[in-house]
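Below, chains carry the letters A, B, ... as their sequence lines are ordered, and counting in each starts from 1. Side chains included, hydrogens not; waters and symmetry mates left out as well; all remaining heavy atoms used.
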Protein chains: 2
Amino acid sequence: MNVQRTHAAEPDLAAVARLLADGTRAGFCLALLDGRAWTVTELARHRGVAVSTATEHLNALVRGGLLAEERQGRHRYVRLADSRVAELIENLAAMAPGRSTPPRSLSATGRRQALAHARTCYDHLAGTVGVAIAEAMTARGLLDWESGLRLTGDGNAWLGELGIAVPADTRRSAVRPCLDWTERRPHLAGAVGAALCRHAFTSGWITRIGATRAVTVTAAGRQAFRHHLGLPDDLLSRKRE
Amino acid sequence: MNVQRTHAAEPDLAAVARLLADGTRAGFCLALLDGRAWTVTELARHRGVAVSTATEHLNALVRGGLLAEERQGRHRYVRLADSRVAELIENLAAMAPGRSTPPRSLSATGRRQALAHARTCYDHLAGTVGVAIAEAMTARGLLDWESGLRLTGDGNAWLGELGIAVPADTRRSAVRPCLDWTERRPHLAGAVGAALCRHAFTSGWITRIGATRAVTVTAAGRQAFRHHLGLPDDLLSRKRE
DNA sequence: GTCATGCTTCGGTACCTGCCGAAACGTCCG
DNA sequence: CGGACGTTTCGGCAGGTACCGAAGCATGAC
């Protein structure tokens with residue numbers, strides 16, 4: 001009873017969309033774009049809703065296949081199910097109208113600036129820095145945008161020099177453009193984008209700002225990005241105006 | 001008043017998703033995936049809702065930027081706004097769970113089979129035939145799936161031999177995989193996929209079945225696909241079991 | 001054991017939205 | 001002009017759902 005009347009041969013598009021059609025659930029997914037696992041309570045506080053409400057939303061998202069969960073003791077960790085879901089959310093966000101309301105509080109402004117400068121996007125780098133990296137790699141002939149994005153032979157060699165191993169995943173494409181919703185220009189996603197981001201963390205080139213998705217480029221990072229990609233220092237350090 | 005409370009720096013994902021979260025609106029979009037412009041009344045009948053209801057849904061979709069409209073006299077034609085919207089809908093559909101209910105009526109079965117065999121998907125070819133074309137092109141070295149889909153030099157030459165001109169659109173990638181929701185394997189989208197489909201129509205290789213998205217491969221088409229791609233005849237003509 | 005913590009379940013309320021039919025508004029045609 | 005047709009607007013109804021607080025249930029700490 002009460003089964004949604006659907007045309008036989010068509011996929012149930014609406015069922016998936018309905019999961020993201022609520023502001024709170026969408027906010028959860030955007031938060032989870034940082035690629036980490038969050039607890040129910042963390043997400044509830046993040047959006048300012050009761051924990052019970054968050055539980056119900058997360059149930060729906062897990063049941064719908066968008067989120068994966070992991071239970072540890074009395075904690076329930078949720079994360080995006082896979083990179084396909086992350087891509088879907090990115091695409092949807094890119095389709096949304098620009099900033100809806102200008103930020104009100106000063107702290108919100110600062111938070112916004114930090115995110116716009118450099119942040120993680122699911123498992124790779126985004127923001128001004130992320131876009132700059134992608135463009136520098138293109139300028140140096142490591143990436144080729146001719147008829148679809150592709151890693152060149154030089155690009156492969158470059159990864160090897162840096163000691164970055166890219167796991168061979170047949171399901172996931174090596175390089176993929178991801179539209180930045182602050183820069184409106186693409187940055188580098190895909191297996192290579194993820195490996196590069198992981199390498200930057202483990203090498204101490206970047207560090208997270210608190211528990212947010214925003215990251216800072218360290219002194220070591222500035223040197224590395226200058227040396228390996230020719231990126232200027234002032235672009236990598238956050239401007240204060 | 002009643003403005004959705006949204007976090008300052010985040011795009012309004014939910015607003016876009018909400019447009020597709022309704023079965024009727026989603027059905028409209030799936031119908032519009034054939035790339036043609038439909039009238040309000042046609043869409044209303046297609047989904048079995050009152051015309052007034054369809055009007056309201058279409059208003060929302062146009063206001064949200066998913067659909068574009070064109071007024072001609074007392075008719076209002078709507079179509080998908082651009083290929084980015086088509087891609088988004090395809091991705092969402094690919095995420096949806098498989099067939100929900102088995103087809104009931106015989107005519108529905110026939111319609112489903114015809115669609116599964118060969119159909120247009122926005123502006124390119126899908127279904128068994130669409131997938132076969134993509135795979136044959138890969139086998140012949142016209143497409144390269146290594147680290148993202150790419151058109152090879154041979155592929156470019158092949159298009160030239162056929163007299164297919166691909167409009168240079170910097171915003172749209174030349175070749176793009178599009179996951180087929182009947183075959184569960186990718187077929188060829190992007191500017192090349194569209195140009196190839198257009199060429200197939202104008203050369204009389206394929207024709208539409210009535211006013212649906214389903215297409216038939218003509219005798220001329222069978223010969224062309226055999227000659228240019230080595231596709232066997234029996235794969236191109238619809239099986240009747 | 002007892003207590004704190006994280007999560008879930010369960011009513012109940014308020015709101016939103018999809019739907020329709022009727023009436024009004026255009027445009028085209030005879 | 002008048003009638004047909006495609007579309008839009010407007011109440012009003014019905015169903016769905018996001019939200020909360022309170023109570024219950026685990027797990028881990030003491």
Side-chain angles (χ1 to χ4, degrees), chain A residues 1-7 12-30 32 37-64 66-79 211, chain B residues 1-7 12-30 32 37-64 66-79 211:
Chain A
M1 62 304 301
N2 220 340
V3 173
Q4 187 81 11
R5 169 94 183 78
T6 181
H7 281 208
D12 196 357
L13 219 177
V16 186
R18 192 157 34 235
L19 293 174
L20 298 169
D22 174 77
T24 303
R25 282 195 298 270
F28 287 175
C29 291
L30 285 172
L32 290 166
W38 294 51
T39 66
V40 180
T41 312
E42 281 171 344
L43 285 170
R45 190 172 38 224
H46 177 67
R47 288 294 303 188
V49 296
V51 187
S52 59
T53 305
T55 292
E56 284 165 0
H57 283 310
L58 293 175
N59 285 344
L61 289 167
V62 169
R63 205 177 324 120
L66 295 191
L67 264 45
E69 67 180 16
E70 223 167 311
R71 308 254 176 175
Q72 279 181 23
R74 54 185 167 183
H75 295 278
R76 177 200 200 180
Y77 291 100
V78 292
R79 54 181 168 77
Chain B
M1 64 297 302
N2 222 340
V3 172
Q4 186 81 9
R5 170 92 184 83
T6 178
H7 280 207
D12 198 355
L13 217 177
V16 186
R18 189 156 39 233
L19 292 174
L20 298 168
D22 174 76
T24 304
R25 282 196 298 270
F28 287 175
C29 290
L30 286 173
L32 290 166
W38 295 51
T39 67
V40 180
T41 313
E42 282 172 343
L43 285 169
R45 191 172 36 228
H46 177 68
R47 287 293 304 186
V49 296
V51 188
S52 58
T53 306
T55 292
E56 285 164 359
H57 283 310
L58 294 176
N59 285 344
L61 289 167
V62 169
R63 205 176 326 119
L66 294 190
L67 262 47
E69 68 180 15
E70 223 167 311
R71 309 256 177 172
Q72 280 180 23
R74 53 184 168 185
H75 296 277
R76 177 200 201 180
Y77 291 100
V78 292
R79 55 181 167 76

Nearest-angstrom distance from the residue atom CZ of B:R45 to P of D:dG6 = 9 Å
Just how far is it from atom CG of B:D22 to atom CG of A:L13, taken to the nearest 0.5 Å?
-> 11.5 Å
note: B:H75, atom NE2; D:dA4, atom C1'; distance rounded to Å ~ 12 Å
Any A:L43 side-chain heavy atom under 4.5 Å of A:H57 side chain | no
Distance in Å, B:T24 OG1 paired with B:H46 NE2, rounded so as to fall on 0.5 Å steps | 10.5 Å
Do any N or O atoms from the side chain of B:R25 and from the backbone of B:R18 form a donor-acceptor pair under 3.5 angstrom?
-> yes
Is any side-chain heavy atom of B:V78 less than 4.5 Å from a side-chain heavy atom of B:L61?
-> no
Rounded off to whole Å, could you give me the OH-to-P distance for the B:Y77 and D:dG6 pair?
-> 11 Å
C:dT8 P sits how many Å from A:L61 CG, rounded?
-> 13 Å
Quick one: B:R63 CZ to D:dT8 P, roughly how many Å, whole number?
-> 12 Å
Return no unless some side-chain N or O of B:R71 is found under 4.0 Å from OP1 or OP2 of D:dT7.
-> no
Nucleotides 19-30 of chain D: protein proximity per nucleotide (B base, S sugar-phosphate only, - neither; heavy atom, under 4.0 Å) = BBB-----BS--
Separation of C:dC15 atom P from B:R18 atom CZ, nearest Å, is 17 Å
Under 4.0 Å: is that the gap between some side-chain N or O of B:R76 and OP1 or OP2 of D:dG6?
-> no
Could you tell me the separation between the CD atom of B:E70 and the C1' atom of D:dG6, rounded to a whole number of Å?
-> 17 Å
Across all chains, not counting sequence neighbours, the salt bridge (charged side-chain N to carboxylate O under 4.0 Å, His left out) partners of A:R71 are A:E69
Return the value, rounded to whole Å, for the distance between atom CG of B:L58 and atom P of D:dT8.
-> 8 Å
